[in-house]
Number of protein chains: 2
Amino acid sequence: MPTPDRTSLGAIVAAGRDILEAAGLAGLTMQAVADRVGVRAPSLYKRVRNRDDLVRLITEATFQDLGEQLATTGAGLDPRRDLAELARAVRAFAHARPVGYQLIFMPRAGGPSTEALRHAVGPVMRVAENLAGEQHALEAARTITAWANGFISMELSGAFQLGGDLDQAYEFGIARLTDALAGPPPR
Amino acid sequence: MPTPDRTSLGAIVAAGRDILEAAGLAGLTMQAVADRVGVRAPSLYKRVRNRDDLVRLITEATFQDLGEQLATTGAGLDPRRDLAELARAVRAFAHARPVGYQLIFMPRAGGPSTEALRHAVGPVMRVAENLAGEQHALEAARTITAWANGFISMELSGAFQLGGDLDQAYEFGIARLTDALAGPPPR
DNA sequence: GTCTATATTTCGATAGAC
DNA sequence: GTCTATCGAAATATAGAC
């Protein structure tokens with residue numbers, strides 16, 4: 001009888017995500033993952049092609065989580081309120097998994113499948129369309145996404161160094177963006 | 001008579017910046033820099049403490065360049081026009097040096113000196129104050145910066161995958177943000 | 001499927017002669 | 001200041017026994 005399974009792909013990905021948050025992308029080594037799941041490093045290669053593959057799996061799992069988080073948010077009747085809730089949900093997610101969040105937006109060979117992307121961006125597109133109209137939905141969604149992701153990325157990287165209250169600044173951005181997108185279309 | 005200088009700190013940093021753009025941060029090895037400046041790798045350590053130090057110098061030089069680029073932009077009389085010019089200037093800079101630009105916003109130990117930061121952000125603060133008023137200058141500047149940087153970062157990382165014209169989306173964001181910040185302040 | 005052992009590669013950094 | 005020579009430290013990945 002062969003040796004029974006001592007780990008699983010799910011456990012490996014989960015361990016990888018924990019290590020990623022605790023030690024950063026550079027700290028995500030095959031050895032560290034093996035230690036955490038309780039096997040030797042070479043055994044990981046039975047379930048994962050290589051490290052890049054593991055990073056990709058972790059990124060996709062994180063992206064999927066974000067999508068599910070947003071799916072349960074901002075589906076109300078008031079698009080202005082929905083936008084605010086979506087924006088706060090994204091930021092909360094990023095605060096909970098800062099490294100994983102930033103990993104999503106890193107340039108890499110095999111980006112997220114367009115399917116997964118539509119799933120995660122869906123709620124934002126809906127709100128954008130309700131606010132700015134069908135014709136400007138994509139541009140409005142990109143404005144929202146760019147602002148939120150930019151704010152969060154800068155916050156996480158410590159780029160806001162001039163003091164002030166960041167929570168307040170985020171709410172300020174929400175309020176102004178909402179007014180801007182809900183306002184009369186240009187021209 | 002000792003051997004004459006065969007390179008300089010400036011040449012090393014300049015070579016590092018070129019390599020960074022051509023081969024990414026991982027490709028920025030001491031060996032690659034040495035090859036490009038025409039010395040052996042150990043010689044670099046006479047002018048640079050270690051690799052991290054070199055990366056820091058490159059980041060600061062890039063940040064300085066960005067600041068100078070913005071200093072000559074958007075100092076006109078019309079804050080709406082100034083904001084548009086500033087936003088376009090940042091994006092043009094990022095397109096010219098994508099890796100260096102993203103390096104600026106990476107979390108690192110010794111962030112840019114507050115002095116260098118004020119220099120680079122100065123023009124944005126001025127425009128924000130002219131648009132949104134003194135009381136909301138910082139928040140407005142952060143909204144602008146977050147949106148522009150978020151848009152550019154996502155663009156550079158290939159995160160915009162749903163088609164559409166990105167130039168147009170950027171102009172859309174400029175127009176809407178300008179209206180939003182110049183509009184009546186939220187009481 | 002897991003293990004031990006090891007190959008490979010790469011890179012950062014130092015020592016000491018000239 | 002530059003060089004040759006080399007160390008030392010990782011980390012990825014493979015081979016083959018059990």
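Side chains included, hydrogens not; waters and symmetry mates left out as well; all remaining heavy atoms used. Protein chains get the first letters and strands the later ones, always in sequence-line order, with residue 1 at the start of each. Just so it is clear, the model here is predicted, and its values are computed rather than measured.
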- Counting only side-chain N and O atoms of B/R49, is one of them less than 4.0 Å from OP1 or OP2 of C/dA13? no
- Atom pair distance, as rounded to whole Å: CG in A/L44 and P in D/dT14: 13 Å
- Query: In whole angstrom, what separates B/D5's CG from D/dG1's P?
  - Reply: 6 Å
- Query: Rounded to the nearest Å, what distance is computed from the OH atom of residue A/Y45 to the P atom of nucleotide D/dG16?
  - Reply: 18 Å
- Item | Among A/L44, A/V48, A/L54, the one residue meeting side-chain contact (heavy atoms from CB on, under 4.5 Å) with A/L9 | A/V48
- Query: Roughly, in whole Å, what's the span from CG in B/N50 to C1' in D/dA9?
  - Reply: 15 Å
- Message: If you compare every side-chain N and O of A/R40 against the phosphate oxygens of C/dA5 (OP1, OP2), does one of them come in below 4.0 Å?
- Response: no
- Query: Base, sugar-phosphate, or nothing for A/S43, non-hydrogen atoms under 4.0 angstrom?
  - Reply: base
- Note on the structure: Looking only at D/dT2, C/dC3, D/dT4, the nucleotide nearest the B/P42 side chain is D/dT4
- Whole angstrom is fine here: how far is it from CD in B/Q31 over to P in C/dT14? 16 Å
- Task: Could you check how far CG of A/D35 sits from P of D/dT12, rounded to whole Å?
- Result: 12 Å
- Query: Phosphate oxygens OP1/OP2 of C/dG1: is one of them under 4.0 Å from a side-chain N or O of A/R6?
  - Reply: no
- Task: Give a yes/no answer on whether the side chain of B/R47 brings an N or O atom under 4.0 Å of OP1 or OP2 in D/dT2.
- Result: yes
- Item | Separation of atom NZ in B/K46 from atom P in C/dT14, rounded to whole Å | 11 Å
- Message: Using only atom types and a distance under 3.5 Å, with no angle test, would you say the side chain of A/R88 pairs donor to acceptor with the backbone of A/E171?
- Response: no
- Message: If I take atom CZ in residue A/R51 and atom C1' in nucleotide D/dA11, what distance separates them, rounded to the nearest angstrom?
- Response: 9 Å
- Message: Can you tell whether the side chains of B/D53 and B/R56 come within less than 4.0 Å, N to carboxylate O?
- Response: yes
- Message: Assess whether a salt bridge exists between B/R91 and B/E155, defined as any Lys/Arg side-chain N lying under 4.0 Å from an Asp/Glu carboxylate O.
- Response: yes
- Among C/dA5, C/dC11, C/dT2, the nucleotide that comes nearest once only the side chain of B/T29 is considered: C/dC11
- With a 4.5 Å limit on heavy-atom distance, are the side chains of A/Q64 and A/E68 in contact? yes
